Amino acid sequence: MNSQINFRMLFFSGIMTALAGALLGVIIAHIAERESRRPVAIVVGSGVGFAIGVGYEAMQQNREQEETD
């Protein structure tokens with residue numbers, strides 16, 4: 001049983017979804033018309049996006065590993 005995690009793919013997936021989360025945070029801050037909350041929305045959006053991206057990619061890699069075993 002050779003379990004290898006591709007950390008490059010985890011990191012790439014996390015960064016891409018963090019960008020999408022940051023963009024979503026900017027959109028929400030713009031709709032709310034609260035400029036003071038913009039940095040918070042961007043940080044929270046990108047943090048949640050990174051966590052979701054890494055988690056999803058880890059599940060995908062685990063599923064592929066189980067299928068090959």
Side-chain angles (χ1 to χ4, degrees):
M1 190 161 99
N2 185 13
S3 76
Q4 294 246 349
I5 296 175
N6 189 346
F7 289 106
R8 284 184 181 175
M9 281 301 294
L10 284 176
F11 187 69
F12 178 75
S13 181
I15 293 296
M16 289 297 110
T17 52
L19 290 174
L23 181 62
L24 186 61
V26 169
I27 292 169
I28 289 172
H30 180 72
I31 290 172
E33 295 181 358
R34 286 254 166 113
E35 293 298 320
S36 62
R37 293 186 184 172
R38 179 171 279 186
V40 174
I42 293 171
V43 170
V44 170
S46 56
V48 170
F50 186 83
I52 289 172
V54 169
Y56 182 76
E57 182 63 30
M59 288 189 307
Q60 286 292 104
Q61 288 184 19
N62 187 33
R63 184 178 301 134
E64 290 173 3
Q65 184 65 32
E66 287 179 353
E67 288 176 356
T68 58
D69 289 343

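Just so it is clear, the values below take in all heavy atoms, side chains as well, and ignore hydrogens, waters and symmetry mates. These figures come from a predicted structure and were not determined experimentally. Residue indices begin at 1 and follow the sequence shown.
- Partners of Gln60 under the side chain to side chain donor-acceptor pair (under 3.5 Å) rule, at least two apart in sequence or in another chain, are Arg63.
- Using a distance-only test at 3.5 Å, with no hydrogens or angles considered, a donor-acceptor pair links the side chain of Thr17 to the main chain of Ser13.
- Atom CG of Leu23 and atom CD1 of Ile27 lie 4.0 Å apart (nearest 0.5 Å).
- Across every non-hydrogen atom of Gln4 and Gln65, the tightest pair is N-OE1, 4.4 Å.
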Identify every side-chain donor-acceptor pair in residues 44-57 under 3.5 Å, counting partners at least two apart or on other chains, and give the distances.
residue : atom : partner : partner atom : Å
Ser46   : OG   : Ile42   : O            : 2.9
Ser46   : OG   : Val43   : O            : 3.1
Glu57   : OE2  : Gln61   : NE2          : 3.3

